[in-house]
Amino acid sequence: ACAFRYNGLSFVYLIYLLLIPLFSEPTKATMQGHTGRLLKSLCFTSLSFLLLHIIFQITINSLEAGKTIEPGFNCSTWEKTLRQIGFESVKGADAGNVIRLFVPDIGMFIASLTIWLICRNMFQKPVTEDAAQCNMQFENEEMAVREKLEPDDALMYEEDLDDEDCGEAEFEETMKLKLLRRIAFLASKLREFIGNMIITTGKVVVTILLGSAGMMVPSLTSAVYFFVFLGLCTWWSCCQAFDPLIFSCLCVLMAIFSAGHLIGLYLYQLQFFQEVVPPKDFYARLFGVTSLTQTNCSSTWMIIKNQELHWYHHANPILLLVMYYTLATLIRLWLQEPIKSVSREDDKEVPCSPIPMTAERRRSLWYASHYTTDERKLLSMTQDEYKPSDVLLVTVNGNPADYHTIHPALPLENGPAKADVYSTPQYKWEPSDGTSEKEEEEEEEEEVTQEEKENVKLHALVSVFQFIMKQSYICALIAMMAWSITYHSWLTFVLLIWSCTLWMIRDRRKYAMISSPFMVFYGNLLLILQYIWSIELKNDELPQVSGFLKRKEPGELASKILFTITFWLLLRQHLTEQKALRLKEATLSEVKVGSEENEEKGKSQEGEDIMKVLGNLVMAMLIKYWIYVCGGMFFFVSFEGTIVMYKIIYMVLFLFCVALYQVHYEWWRKILKYFWMSVVVYTMLVLIFIYTYQFESFPGLWKNMTGLDERKLEDLGLKQFSVADLFTRIFIPTSFLLVCILHLHYFHDRFLQITDLKAVTSKQDNTIYSHAKVNGRVYLIINRLVHQDGSLPDITMMNLTASREKEEDKMLEEAGEKRTEEPEGEGGKGRVKKGKEEEKEDEDKEDDDDDDDEDNESEEEETTDLRNKWHLVIDRLTVLFLKFLEYFHKMQVFVWWLLELHIIKIVSSYIIWVTVKEVSLFNFVFLIAWALALPYAQFRPLASSICTVWTCVIIVCKMLYQLTSIDPKTFSSNCTLPGENETKVDLEELKTSVLYSGPVDPAEWVGLRKSNPLLVYLRNNLLMLAILAFEVTIYRHQEYYRCRNNLTAPVTKTIFHDITRAHLDDGLVNCVKYFINYFFYKFGLETCFLLSVNVIGQRMDFYAMIHAFWLIAVLYRRRRKAIAEIWPKYCCFLACIITFQYFLCIGIPPAPCKDYPWRSGNANFNSNIIKWLYFPDFIVRPNPVFLVYDFMLLLCASLQRQTFEDENKAAVRIMAGDNVEICMNLDAASFSQHNPVPDFIHCRSYLDMYKVIIFSYLFWFVLTIIFITGTTRISIFCMGYLVACFYFLLFGGDLLLKPIRSILRYWDWLIAYNVFVITMKNILSIGACGYIESLIENSCWVIQAFSLACTVKGYHVPTSNLDCKLPSGEAGIIWDSICFAFLLLQRRVFMSYYFLHVVADIKASQILASR
């Protein structure tokens, strides 16, 4: 009626709406008083309005029909007056508006009449006195039966009991009344819930509603609510209590004011008031009166919504109404709050009391039968006259339990037999019954146990709340930063500086507490200023202050209030702590007996241990790993969004830290604190510059000061952003600032302690693997696990002080004594509790309660068994956990050792791969460094340091190149195509050249280019930096581990340290372990030869031919010692040739537009020849992937050089055995009896069987491989393999019995032929790849005779014609390489002492056969 129609009649309904919460809810007494009269008057008023509507419509239509009035009477004086009173013509109106005008009166009449009838029937129903005759026994039986009923059937069943048992009165109710009664019951429940909620949290709800109403539509009228809200919150934050009388008076005033505010807003919707004060008038906007509707004279019956309003204008009246109802309800409940108490001394027994069986009594009986005793009993611990035998009775929903309706035998006190029932809880004292003392004691024990459990939960919640309140300064500081970031102005800039200053102070909590009053004052000042500037005023009425105060929507005011709440909490916590400190100083400390203190400590120790363990563990983890969070934040700050200069400086700082960590560890540790301080200061400057640049006058100021244009200022990071972008730009550095400050203040010092390599103490015996201590208390073991560095692998190296050891041993002894007393594992507390229970059992036996004793003993035994089993489970889990830790520790030690062995290979391989994938002048430094460092191990640390620094330089250069002020188009070259006489290259092929395909950026040759996203572009360099840092971390970790455990580095770099040359013949498993350890030590030279052949086969070009010549030169030495002498020169050759080839891949810079001479018109080089010669070229660039094969050969050659050096070390020879070759003049047949290796011919183990296969039958298998190599291809070279195969098949048996020198002479000739074939095929590949076209036309017989075909991809090979087919399937050196591998393996067999046993066996077999 009020919301959809605005006139005088609806204004009357508004008055009724405001009066309703002031009246008491319907009861028997109130229905005969003011509440009943209110309902009657509402019913009469709505009926009168309806009749007046009918009369008005009849009259107006009659006057129109008689033409007494003119048809266009809209907006005339009398029409406006009647319409605003509430009488409006509906001529021409649609159905919806007709319903809107008339239905409110009809609905109000029906609703008021229905409510009045329901309340009258419920509370004024006549009941005879005899209907309530009953006794206590009947009441108990009645309740017992009700417990078995469903809640919906309880009320119906009550009537049956009245009819059958009481028999004095009979009630006949229709189904309609029953339904109405149930509806009323549900409404009553909802009302009681809301009432209880308002009573419990009334002050909080009122405060919230005042704040919400005040900031919904800022104005002078709403300012009353807002300032009252600020005053209440500030008063509460000052740790002051609200006086009930003053707060009640304040609520009354606010209720009156809000009612007047609602009336004013409603009256302003009338046309008369809108004409007097227009909606856009200054005073209308100042006082916050808004016109929700507008009037159109052409259709006065239509409600026209004001389209200029926002959602909060429509929500404001609703919020005011909710606040008014809340205030009115609170006032009414406070006025009805007197507590009715019943004293036990005045109790008198009355056999029966005539009480009418009303609905209220039925509900009371239903509650009494359906709620348990614990739910109905609430002990009031604050009453002075409280006695343990007195019970305070109140229902769960807050309604008073009408004691006299349940127990009518008791006398009445403090009022009539039936009092008015309100939602306010009313309390009565229930007298104790002396006849059931034992039951009461049991109930009390149960209640005490329940209370203890609840107290534990409550204590936990209180502890959590106290912890949160103690950390409220963090919330306040974060709120200050969030406020300043979210709402940009000079006023909030003060908050940013304030919070950052407090963050940087070490004892920030203390100074935050001290400054909390100023925070509250400043926050309130900002809220007041923002509130004033949020009023809907124009700029000429209230001008905006640029950079300080701007006109904002009310929603921003709400978020600022949320920020201010943290200030209020901080001030309250500060004052609370000061008050507690003063109270503690003024109060004498309580003296306790030592035993009591120990007892309390023992009780609290268990709860504290777990929290301490978890806290220490989390702290240790944060100390060790928080620096990685800081490093991650560096990346987040640097690479988020567009790259600008201040982000590059962040990356420079990070790279400086990482580079110094890698280059010089001690210097890094010394400057680390100053580094973080500089980062914090720099971040503060970034925040200040970005924040202040957003003000309107600052861009011009920066331009004048620096002389830079807007584009360059944007590259610096100075740009005016939108609100969302500004939040991101400021929030990320702010978060980074907090992360760095946390590390600097909380974790930095402890981090330096755990990373000090020089302050390593000696290792003590590890305690966690001692099974004698496993059976101790679990929390002792857990405490051992929490070490200051938080590293599980370092558990075995924990160093415990003497006092700690004594304390733990003492506790373990106590635990052991208790275990001897309780074999099943019962703890100390169980024993004490058990002793107390036994004493209690003795007392019960004295009272001759045998049955109770037996029950108690059985319960105790069950409890003891459960506890014993639980202790056994804990012990077993502890043992398993410790075993898991032991294995986990061993696995970690093993992984760290593996990384130490192979990290140099990982680092060098990745760096070479990056340089090959991105050929540039920048990366040439990496290749030179590692090409020289691999063969010369003393330069490897220097190479790592150089690569680290150079990587940092490259990252910075690449980031600088991404700035928008650097435009490659300004310095790129555009080369013109050469004439026909200047080159012989086709035009289409020239267009693919780097010179002529587009503008030539000279920075690309260096290694710089524009790329987006940048993080992908820098990925390889960042990973390279991470691997280099990881490398030095591994070395330092191993050094730290060995120093801490008094260990030395192993002599040999092996995995199985207990396996030596003596274990080689002990079994198959030990043999496998030995070769895992020393495979490269034994066969590294052969591996290098195979990799050299692999380089030749993969490349088949000019440099592969050079590799072939070097392979021939090395193999020509034959003896291992001679090869070792030339090996350093070979390594130097490999390092130089890979460096030179990379230089060729880089080539000359293309910016001068000068092509290579082999592309001139006089040169006779085609693209295939240039590719085979591996010349630099702009059309066919050299393939840098070939350098990967060269690097693999260089890596193995470098490792083999180290192996040659290790062979001369006695310690290595003892562990791995020597690599000295067998004497070539030795007669194998006569030396078997002096053979140093065991005889395996008789196959005493599986290892002997494998030896027989290898040393006896490998020779014939190699001959098979030679035969296959000669027959799979048809060429002149294959004929030599077949000749050699048939020769050894014919004379092989006799050859094996000759001296070793004779065997190796023939075999080395075969190896030489194999290498010769490989070399010749590589040399002939220039014809197969470079001049294949001319060979097809002129010399096809050469192609067929030597099986010439290009096997390397990337060459332009013409399709074979019918006259000359290319033997593509028969070319290549795959089978030659396989044959080379087996020839080398068989040569090692010939030179082995194991082969002498085979020769001796063959000779013995021949002798026996001849006999």
Side-chain angles (χ1 to χ4, degrees), residues 648 651-652 655 658-659 662-663 904-936 939-962 966 968 994 1000-1011 1014-1031 1099 1103 1134-1151 1174-1178 1180-1195 1198:
I648 297 176
M651 184 52 59
V652 169
L655 295 176
V658 175
Q662 203 275 345
V663 174
I904 192 66
K905 306 177 186 65
I906 297 173
V907 170
S908 58
S909 300
Y910 183 77
I911 291 177
I912 296 299
W913 174 253
V914 170
T915 57
V916 165
K917 294 297 290 182
E918 186 181 350
V919 178
S920 65
L921 186 63
F922 271 154
N923 292 337
F924 193 32
V925 178
F926 298 132
L927 189 130
I928 293 174
W930 284 102
L932 299 178
L934 284 177
Y936 305 101
F939 296 131
R940 290 176 186 175
L942 179 61
S944 296
S945 301
I946 291 174
C947 291
T948 300
V949 176
W950 191 245
T951 304
C952 297
V953 173
I954 292 176
I955 292 173
V956 174
C957 293
K958 287 184 176 180
M959 294 183 71
L960 288 172
Y961 196 72
Q962 308 305 315
I966 298 178
V994 176
V1000 179
D1001 183 5
E1004 289 189 6
W1005 181 77
V1006 178
L1008 303 176
R1009 60 183 172 86
K1010 294 281 187 179
S1011 180
L1014 178 61
L1015 193 59
V1016 177
Y1017 177 45
L1018 296 177
R1019 179 178 54 193
N1020 291 332
N1021 298 103
L1022 292 174
L1023 286 176
M1024 185 188 302
L1025 185 66
I1027 292 176
L1028 288 168
F1030 185 56
E1031 176 200 9
R1099 299 189 56 160
Y1103 292 95
L1134 293 176
C1136 294
I1137 196 172
I1138 192 174
T1139 304
F1140 180 71
Q1141 289 179 89
Y1142 194 82
F1143 175 74
L1144 294 179
C1145 291
I1146 297 173
I1148 61 175
Y1174 210 71
F1175 282 175
D1177 190 64
F1178 292 122
V1180 184
R1181 307 194 69 175
N1183 189 1
V1185 179
F1186 289 163
L1187 303 184
V1188 175
Y1189 307 119
D1190 291 46
F1191 165 74
M1192 294 170 60
L1193 176 58
L1194 174 62
L1195 179 61
S1198 302

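As the structure is a computational prediction, the values presented were derived from the model and not from experiment. One is the number of the first residue; the rest follow in order along the sequence.
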Would you say [X]'s side chain and [Y]'s backbone share a donor-acceptor pair under 3.5 angstrom?
{"X": "R940", "Y": "L934", "result": "yes"}
{"X": "S909", "Y": "I906", "result": "no"}
{"X": "W950", "Y": "N923", "result": "no"}
{"X": "E918", "Y": "W913", "result": "no"}
{"X": "K958", "Y": "L1014", "result": "no"}
{"X": "D1177", "Y": "V1180", "result": "yes"}

Could you state the interatomic distance from [atom1] ([X]) to [atom2] ([Y]), rounded to the nearest 0.5 Å?
{"X": "C947", "Y": "L942", "atom1": "SG", "atom2": "CG", "value": "9.0 Å"}
{"X": "L1028", "Y": "C952", "atom1": "CG", "atom2": "SG", "value": "9.0 Å"}
{"X": "R1181", "Y": "I1146", "atom1": "CZ", "atom2": "CD1", "value": "9.5 Å"}
{"X": "L1194", "Y": "I1138", "atom1": "CG", "atom2": "CD1", "value": "6.0 Å"}
{"X": "M1024", "Y": "I955", "atom1": "CE", "atom2": "CD1", "value": "8.5 Å"}
{"X": "I1148", "Y": "F1178", "atom1": "CD1", "atom2": "CZ", "value": "4.5 Å"}

Considering all heavy atoms of both residues, which atom of [X] and which atom of [Y] are nearest to each other, and what is their separation?
{"X": "P935", "Y": "S1198", "value": "N-OG, 3.2 Å"}
{"X": "Q962", "Y": "R1009", "value": "NE2-O, 3.0 Å"}
{"X": "A943", "Y": "A929", "value": "CB-O, 3.9 Å"}
{"X": "L1195", "Y": "S908", "value": "CD1-OG, 4.3 Å"}

Exercise for the section: Please assess F1186 against Q1141 for the test side-chain contact (heavy atoms from CB on, under 4.5 Å), listing each intermediate value before the final yes or no. Expected result: CA-CA 9 Å; F1186 289 163; Q1141 289 179 89; 5.5 Å; no
Problem - side-chain contact (heavy atoms from CB on, under 4.5 Å) evaluation trace for Y1174 with C1145 - result: CA-CA 8 Å; Y1174 210 71; C1145 291; 3.3 Å; yes
What I'd like to find out is whether the side chain of [X] reaches to under 4.5 Å of the side chain of [Y], using heavy atoms alone.
{"X": "I904", "Y": "W930", "answer": "yes"}
{"X": "V1000", "Y": "W1005", "answer": "no"}
{"X": "I966", "Y": "K1010", "answer": "yes"}
{"X": "L960", "Y": "I648", "answer": "yes"}
{"X": "I954", "Y": "F926", "answer": "yes"}
{"X": "Y961", "Y": "S1011", "answer": "no"}
{"X": "L1134", "Y": "D1190", "answer": "no"}
{"X": "L1008", "Y": "F922", "answer": "yes"}

Practice task
Apply ring pair (Phe, Tyr, Trp, His ring centres under 6.0 Å) to Y1189 and list each qualifying residue two or more places apart in sequence or on a separate chain.
Solution key: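 With sequence neighbours excluded, Y1189 shows a ring pair (Phe, Tyr, Trp, His ring centres under 6.0 Å) to no residue whatsoever.
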Exercise for the section: In sequence, state the C-alpha distance, the side-chain angles, and the governing distance for L1018 and M959, and then conclude on side-chain contact (heavy atoms from CB on, under 4.5 Å). Expected result: CA-CA 9 Å; L1018 296 177; M959 294 183 71; 3.7 Å; yes
Practice task
Classify the ring geometry between F924 and Y1142 as parallel (under 30°), tilted (30 to 60°) or perpendicular (over 60°).
Solution key: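 Answer is parallel, since the angle falls under 30°.
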Problem - NZ (K917) with more than 12 external heavy atoms under 6.0 Å - result: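 No, because the 6.0 Å sphere around NZ of K917 holds 12 heavy atoms or fewer from other groups.
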Practice task
Check the pair V925, I946 against side-chain contact (heavy atoms from CB on, under 4.5 Å), reporting the backbone distance first and the verdict last.
Solution key: CA-CA 9 Å; V925 178; I946 291 174; 4.2 Å; yes
